[in-house]
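We name chains A, B, ... by the order of the sequence lines, and we start the count at 1 in each one.
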2 protein chains.
Amino acid sequence: MNIGEIASRAGVSRSTVSYALSGKRSVSDATRKRIQDVIDELGYRPNAAARALKEGRTRTIGLVIPPASRRLTHMQLGFVASVVEAAARADLDVLLSPSGGDHDRSFERLLSGGRVDGAILMEIRLEDSRVRRLQGAKLPFVGIGHTARAHEMCWIDVDYATVISQCVHHLADLGHQRIALVNRSVELVAAGYGPGHRARDGFTAALAQRGIQGIDLECGDDAAAGLECATRLLRDHPEVTAIATINEAALPGIQRGLEEAGLAVPRDFSITGVVGRTWAEEFRPPLTAADVPAQDIGTQAMDLLLERIADPTTPFRNILLAPPVSLRGSTGPVRAG
Amino acid sequence: MNIGEIASRAGVSRSTVSYALSGKRSVSDATRKRIQDVIDELGYRPNAAARALKEGRTRTIGLVIPPASRRLTHMQLGFVASVVEAAARADLDVLLSPSGGDHDRSFERLLSGGRVDGAILMEIRLEDSRVRRLQGAKLPFVGIGHTARAHEMCWIDVDYATVISQCVHHLADLGHQRIALVNRSVELVAAGYGPGHRARDGFTAALAQRGIQGIDLECGDDAAAGLECATRLLRDHPEVTAIATINEAALPGIQRGLEEAGLAVPRDFSITGVVGRTWAEEFRPPLTAADVPAQDIGTQAMDLLLERIADPTTPFRNILLAPPVSLRGSTGPVRAG
DNA sequence: TTGTAAGCGTTATCAT
DNA sequence: ATGATAACGCTTACAA
């Protein structure tokens with residue numbers, strides 16, 4: 001079923017069918033109707049490859065997600081869902097590339113096979129070879145997250161420094177004097193994962209401002225690691241009365257650790273951090289946290305990308321979001337004594 | 001950067017470059033090396049659209065997921081992750097189509113634009129127009145889930161009837177005499193969502209076998225609905241001592257409902273059901289449940305699809321999985337009195 | 001208002 | 001062992 005078939009059945013030339021579909025040239029009502037009838041009957045739809053070849057664009061964008069082996073956090077899932085939704089609204093398809101490293105074949109295909117008109121990159125490191133490759137390939141792209149050199153690319157990101165700082169101030173206001181930061185995994189932070197570093201910076205700065213002490217810990221991205229981390233923390237630093245975290249995946253484990261130690265939240269211990277919005281509300285108890293509007297971020301990333309695809313020479317735009325801390329049930333005044 | 005450019009720089013014809021890459025014709029070592037050097041230097045990679053147009057296949061598969069607006073369950077996420085991973089292993093790209101209904105443009109494009117070589121369909125209804133459309137389009141596809149007519153398509157699915165039945169028997173063995181089934185949402189079940197219906201069937205059958213009573217409830221797919229559902233259940237049916245559920249997303253809310261009613265799990269109340277494996281382990285308390293091996297299912301679905309793409313005339317294969325109930329901490333003997 | 005034809009980048013069938 | 005060339009299905013500049 002191709003355009004030639006439609007054309008001959010409708011008794012017109014192929015170009016007339018093409019123009020009838022695109023509207024780029026006027027077609028008489030009679031022929032248009034004849035063509036449309038044939039199309040409806042046969043269920044014709046232009047071949048995407050032929051169109052892409054001719055037009056030089058694919059109407060597809062690439063979404064580069066962390067490798068499938070690593071489970072996505074709720075926040076990352078929110079990004080994926082909203083990017084996909086935004087793409088659908090713009091009649092674009094989304095090609096998923098689960099690639100972390102540099103030698104990933106799926107990423108290579110994205111890069112230089114002309115498969116996509118642009119890409120959205122997630123989980124960016126401070127130094128990220130994928131960013132350089134995308135720049136080299138002259139493929140328009142937008143980061144959800146950014147590298148150390150903020151102005152080398154277009155991105156939208158959460159201001160982890162500010163947001164963790166807000167968490168610390170909130171805890172300090174409640175009287176907490178010893179606070180722990182539970183960061184993402186050692187590997188990720190060591191690999192230069194931006195949010196991990198910025199969270200630590202914000203943590204340190206806020207502690208200094210308030211003149212209080214804190215300890216920062218890395219923690220694997222799952223519940224088991226969270227449990228282990230909380231247990232160790234309570235054992236080695238019994239003076240700590242509150243945790244701020246950017247590690248969503250560890251939270252269930254952290255809570256279990258507190259529970260096993262006989263600590264009730266928020267009576268004996270406070271927890272806060274930065275997590276995806278819907279998740280904060282579903283947590284038990286509902287989590288006092290900076291709610292990251294994953295939905296907005298995905299949508300805005302898509303807008304930025306569409307802008308770059310339309311005009312690759314526009315200056316890079318950078319959007320930094322610092323959602324305020326929403327008060328819910330997981331933080332409370334430090335326990336006397 | 002196209003094959004012609006490479007050819008002229010290497011001083012050979014385009015066909016020689018093509019053959020050097022594909023290996024479908026012997027090329028002298030000298031020229032192959034010359035060509036490879038140019039390719040390495042310029043970072044050439046065949047244009048996907050041109051290749052797809054010529055070869056009649058795209059090396060891409062479509063993954064039809066529930067609309068992005070609805071949040072995916074952990075189990076569904078497991079499917080997506082493992083399908084994407086399996087595709088990457090086979091050097092295939094994955095196009096994501098968030099479409100539930102029939103008139104979804106993204107689904108239309110998948111269907112008849114020649115964008116994909118095959119598709120994997122999730123969240124299938126007993127009567128599902130998408131299945132008919134795919135059949136009509138002669139596009140190879142595999143379902144994770146299946147319609148009422150099992151033999152009209154190729155699929156892999158969880159045997160919800162058996163698995164819920166196992167849960168009921170387990171609870172009955174523990175002495176529970178009044179058990180509730182918490183199903184997926186009213187809308188989904190009313191729309192003919194297979195797992196919802198089969199779970200209910202298995203529930204009813206097992207109750208009959210054990211000569212005990214149960215009530216079945218629909219519940220929205222989120223924590224808020226779970227809370228509401230549990231609250232209502234405890235109010236209207238205080239004799240109920242255990243829940244079996246296929247509604248992962250409602251579980252946190254259900255637990256909160258029990259907590260608010262002062263019921264401890266598993267001392268006062270038992271919970272079990274069918275959920276994704278990793279999630280069962282992270283639950284508090286760890287969930288006694290039939291652990292769905294989402295990883296395997298995605299991988300097997302991919303294998304089935306590759307088989308169908310390779311030979312669309314192979315008879316449909318149907319795989320039904322009934323993972324056994326794994327004992328963890330959320331079920332216990334019914335409380336005396 | 002409509003038709004003709006070139007060309008997008010590949011692969012594969014002829015030749016040589 | 002390699003080169004010339006047609007064809008895949010589409011869009012669009014040019015003709016009529």
Side-chain angles (χ1 to χ4, degrees), chain A residues 1-36 38-39 42-60 91 93 109 111-117 137-139, chain B residues 1-36 38-39 42-60 91 93 109 111-117 137-139:
Chain A
M1 190 55 43
N2 59 36
I3 201 172
E5 181 84 359
I6 304 296
S8 66
R9 296 218 195 194
V12 296
S13 73
R14 295 182 312 172
S15 58
T16 301
V17 176
S18 176
Y19 285 122
L21 255 59
S22 71
K24 292 187 180 171
R25 187 166 90 173
S26 62
V27 172
S28 77
D29 286 354
T31 36
R32 196 203 332 281
K33 170 153 181 22
R34 205 145 25 93
I35 291 170
Q36 194 57 54
V38 178
I39 287 178
L42 302 188
Y44 164 75
R45 192 168 294 272
N47 178 282
R51 175 184 277 196
L53 182 56
K54 177 63 189 171
E55 291 190 328
R57 65 183 179 129
T58 59
R59 298 163 193 263
T60 303
D91 278 330
D93 285 320
R109 290 195 296 266
L111 207 61
S112 49
R115 297 188 78 91
V116 298
D117 298 334
K138 305 228 184 295
L139 192 68
Chain B
M1 190 54 44
N2 59 33
I3 201 171
E5 181 84 358
I6 304 295
S8 65
R9 297 218 194 193
V12 295
S13 73
R14 293 178 308 170
S15 54
T16 302
V17 176
S18 177
Y19 284 119
L21 255 61
S22 70
K24 293 185 182 172
R25 186 165 90 174
S26 62
V27 173
S28 78
D29 286 352
T31 39
R32 198 206 329 282
K33 167 147 182 29
R34 203 144 29 91
I35 291 169
Q36 194 56 54
V38 178
I39 286 178
L42 302 187
Y44 164 76
R45 191 170 294 271
N47 178 282
R51 176 183 275 197
L53 180 56
K54 178 63 186 164
E55 292 192 328
R57 65 183 179 129
T58 59
R59 298 161 193 265
T60 304
D91 278 331
D93 285 319
R109 290 195 297 266
L111 206 61
S112 49
R115 297 189 76 93
V116 297
D117 298 333
K138 304 227 184 294
L139 192 68

Margin query: Output the rounded distance in Å from CZ (A:R57) to C1' (D:dC10).
Written below: 13 Å

Notebook entry, point to check: Looking at residues at least two apart in the chain, or sitting in another chain, which of them share a side chain to side chain contact (heavy atoms under 4.5 Å, CB included) with A:S8?
Noted result: none

Margin query: Can you list everything that forms a salt bridge (charged side-chain N to carboxylate O under 4.0 Å, His left out) with A:R32? Sequence neighbours excluded, please.
Written below: A:D29

Checklist line | Heavy-atom pair with the smallest gap, counting every atom of B:R59 and B:D117 | finding: N-OD2, 2.7 Å

Next item on the list: Could you list the residues that satisfy salt bridge (charged side-chain N to carboxylate O under 4.0 Å, His left out) with A:R25, not counting sequence neighbours?
Entry: none

Note to self: Among residues 6-13 of chain B, which ones have heavy-atom contacts with DNA chain D below 4.0 Å?
What the structure shows: B:G11, B:V12, B:S13

Item checked: Minimal non-hydrogen separation, B:V17 against B:A7, with atom names -> CG2-CA, 3.6 Å

Notebook entry, point to check: Just how large is the angle between the end axes of the helix from C:dT1-D:dA16 to C:dT16-D:dA1, five pairs per end, to 10 degrees?
Noted result: 40°

Checklist line | Rounded distance [0.5 Å steps], CD1 in B:I6 versus CE in B:M1 | finding: 5.5 Å

Notebook entry, point to check: In chain order, what residues pass the salt bridge (charged side-chain N to carboxylate O under 4.0 Å, His left out) check against B:K33, with sequence neighbours excluded?
Noted result: B:D37

Note to self: Restricting to salt bridge (charged side-chain N to carboxylate O under 4.0 Å, His left out), what partner residues turn up for A:R109, sequence neighbours left out?
What the structure shows: B:D91, B:D93

Margin query: Going 5' to 3' along DNA chain C, which are the first and last nucleotides with any atom under 4.0 Å from a heavy atom of chain B?
Written below: C:dG9 to C:dC14

Margin query: Please list all pairs meeting salt bridge (Lys or Arg N to Asp or Glu O under 4.0 Å) that have one or both residues in residues 4-20 of chain A, counting only residues at least two apart or in different chains.
Written below: A:E5-A:R9

Next item on the list: Grab the CE-P distance between A:M1 and D:dC10 for me, whole Å please.
Entry: 10 Å

Next item on the list: Encode nucleotides 11-16 of chain D as B, S and - characters from 5' to 3', where the letter depends on protein heavy atoms closer than 4.0 Å: B to the base, S only to sugar-phosphate, - to neither.
Entry: BBBB--

Next item on the list: Working to the nearest 0.5 Å, report the span between CG of A:L21 and CD1 of A:I3.
Entry: 7.0 Å

Item checked: DNA chain D contacts made by residues 27-34 of chain B, counting heavy atoms under 4.0 Å -> B:V27, B:S28, B:T31

Next item on the list: Taking all non-hydrogen atoms of both residues into account, name the closest pair between B:T60 and B:R115 and its distance.
Entry: CB-O, 3.9 Å

Notebook entry, point to check: Under 3.5 Å, side chain of B:T58 to main-chain N/O of B:A52, donor-acceptor pair present?
Noted result: no

Check: Hey, which of A:T31, A:I35, A:V27 is the one that makes side chain to side chain contact (heavy atoms under 4.5 Å, CB included) with A:Y19?
Finding: A:V27

Notebook entry, point to check: Between A:L139 and A:V116, what is the shortest heavy-atom contact and its length?
Noted result: CD1-O, 3.6 Å

Next item on the list: Sorted by first residue and then second, give each salt bridge (Lys or Arg N to Asp or Glu O under 4.0 Å) pair with at least one member in residues 42-54 of chain B; sequence neighbours left out.
Entry: A:E108-B:R45

